[in-house]
Amino acid sequence: MTIEINENGSEAFYKETVNAAAQYAYILKNHGYSLKDYFKQYKNLLIISGIFVVILAVMGTLWGMDSFMIVALALLLIASLLAGAYLLRLTKMVKGMMAGKHRSVLTLDESGVELNVAETQTVKIAKQNLAVVRIFKECLCFIPAKGAGVVISVDKKYAEQILSWIRENWPDAEVI
């Protein structure tokens with residue numbers, strides 16, 4: 001089966017795809033794992049840690065900075081910077097995926113699943129290396145059993161067509 005995808009996905013689709021890739025190891029350990037919204041979590045962490053940095057800085061200014069206050073402030077600043085850097089990285093991944101017009105071709109056959117993106121990048125997961133097919137709110141993801149966290153993700157609007165092919169041709173495939 002071949003599906004030609006001639007339009008870009010929504011921002012929500014790309015965010016969910018990035019979340020699935022970022023949480024690949026959790027999905028492998030528990031195929032029914034519920035995705036966390038890392039964008040929301042890291043944004044909240046950044047806001048909360050920023051508030052505490054301001055509070056500690058004001059307290060230190062009013063009451064004097066002792067060594068404990070300096071260490072706590074430094075550690076909180078480092079945590080804030082790391083959360084901000086990770087959020088920025090996730091956001092850049094989404095923007096990179098959304099950039100430009102993509103024509104993709106998804107191919108499912110007896111050997112596995114392949115996604116050819118704009119004839120510049122091809123990702124293939126062999127059938128014997130497929131751990132699970134996950135259906136999320138915005139996308140359907142093929143999760144490999146072994147690999148570096150690379151997932152094949154397609155818009156959920158193609159799910160019924162893909163799932164009917166899987167039921168017919170890969171009856172043993174785990175679909176959640």
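Quantities reported herein were computed from a predicted structural model and do not represent experimental measurements.
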Sequence neighbours excluded, which residues qualify as ring-ring contact (aromatic ring centres under 6.0 Å, His included) partners of Tyr38?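 Testing Tyr38 for ring-ring contact (aromatic ring centres under 6.0 Å, His included), a comparison that skips the adjacent residues, returns Tyr42.
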
Not counting sequence neighbours, which residues clear ring-ring contact (aromatic ring centres under 6.0 Å, His included) with Tyr33? List them please.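 Expected list: Tyr26.
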
Minimal non-hydrogen separation, [X] against [Y], with atom names:
| X | Y | result |
| --- | --- | --- |
| Leu45 | Ala83 | CD2-CB, 3.8 Å |
| Ser34 | Gln23 | O-OE1, 4.5 Å |
| Phe39 | Thr91 | CE2-N, 3.8 Å |
| Gly50 | Ser80 | N-OG, 4.2 Å |
| Phe142 | Ile125 | O-CD1, 3.5 Å |
| Ala131 | Leu28 | CB-CD2, 3.7 Å |

Could I get the full list of salt bridge (charged side-chain N to carboxylate O under 4.0 Å, His left out) partners for Arg89, not counting sequence neighbours?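 Arg89 satisfies salt bridge (charged side-chain N to carboxylate O under 4.0 Å, His left out) with no other residue.
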
Residues forming a salt bridge (charged side-chain N to carboxylate O under 4.0 Å, His left out) with Lys43, sequence neighbours excluded: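 Testing Lys43 for salt bridge (charged side-chain N to carboxylate O under 4.0 Å, His left out), a comparison that skips the adjacent residues, returns none.
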
Would you check if the side chain of [X] reaches a backbone N or O of [Y] as a donor-acceptor pair within less than 3.5 Å?
| X | Y | answer |
| --- | --- | --- |
| Glu16 | Cys139 | yes |
| Asn19 | Lys15 | yes |
| Asn8 | Met98 | yes |
| Arg134 | His31 | yes |

Rounded to the nearest 0.5 Å, what separation is found between the CG atom of Asp155 and the OG atom of Ser104?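 Answer rounded to 0.5 Å: 11.0 Å.
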
Within this structure, what is the CD1-SG distance for the pair Ile27 and Cys141, rounded to the nearest 0.5 Å?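 The CD1 atom of Ile27 sits 7.0 Å away from the SG atom of Cys141.
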
Any chance you could lay out the side chain to side chain contact (heavy atoms under 4.5 Å, CB included) test for Thr17 and Met97, step after step, and finish with the verdict? CA-CA 10 Å; Thr17 298; Met97 289 178 171; 4.2 Å; yes

For Ile3 and Gln161: C-alpha separation, side-chain torsions, deciding distance, then whether side chain to side chain contact (heavy atoms under 4.5 Å, CB included) applies. CA-CA 9 Å; Ile3 299 174; Gln161 186 179 359; 3.8 Å; yes

Among Ile143, Leu130, Val113, which residue meets the side-chain contact (heavy atoms from CB on, under 4.5 Å) test with Ile152?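 Between Ile152 and the candidates, side-chain contact (heavy atoms from CB on, under 4.5 Å) is satisfied uniquely by Val113.
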
Check for me, please, whether [X] and [Y] land in the same ILVMFWY cluster - side-chain distances under 4.5 Å, paths through other members count.
| X | Y | answer |
| --- | --- | --- |
| Leu88 | Val18 | no |
| Leu108 | Val105 | no |
| Ile176 | Leu35 | yes |

Would you list the pairs meeting ring-ring contact (aromatic ring centres under 6.0 Å, His included) in which at least one residue belongs to residues 153-176, sequence neighbours left out?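 Passing the test, one end in residues 153-176: Trp165-Trp170.
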
Can you list the other members of the hydrophobic cluster that holds [X], where links are side-chain heavy atoms under 4.5 angstrom apart?
| X | answer |
| --- | --- |
| Leu77 | Ile47, Ile48, Ile51, Phe52, Val53, Val54, Ile55, Leu56, Val58, Met59, Leu62, Trp63, Met65, Met69, Ile70, Leu73, Leu76 |
| Ile78 | Leu82 |
| Leu75 | Val71 |

Hey, are the side chains of [X] and [Y] touching, using non-hydrogen atoms and a 4.5 Å cut-off?
| X | Y | answer |
| --- | --- | --- |
| Ser153 | Phe13 | yes |
| Thr122 | Leu115 | no |
| Thr2 | Leu106 | no |
| Lys156 | Ile135 | yes |
| Ile166 | Val133 | yes |

Inter- and intrachain pairs under salt bridge (charged side-chain N to carboxylate O under 4.0 Å, His left out), touching [range], at least two apart:
| range | answer |
| --- | --- |
| residues 167-176 | Glu160-Arg167 |
| residues 30-40 | none |
| residues 102-111 | Glu4-Arg103, Glu110-Lys127 |
| residues 48-58 | none |

Check this for me: does any side-chain nitrogen of one of Lys157 and Glu138 sit under 4.0 Å from a carboxylate oxygen of the other?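 Not counted as a salt bridge, because no side-chain N and carboxylate O are separated by less than 4.0 Å.
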
Will you find, in the side chains of Lys124 and Ser111, an N or O donor that is under 3.5 Å from an N or O acceptor?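 Yes, Ser111 and Lys124 have a side-chain donor paired with an acceptor closer than 3.5 Å.
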
With side chain to side chain contact (heavy atoms under 4.5 Å, CB included) as the criterion, how do Asn116 and Gln121 come out once you've worked through the C-alpha distance, each side chain's angles and the decisive distance to 0.1 Å? CA-CA 6 Å; Asn116 183 327; Gln121 179 182 16; over 6 Å; no

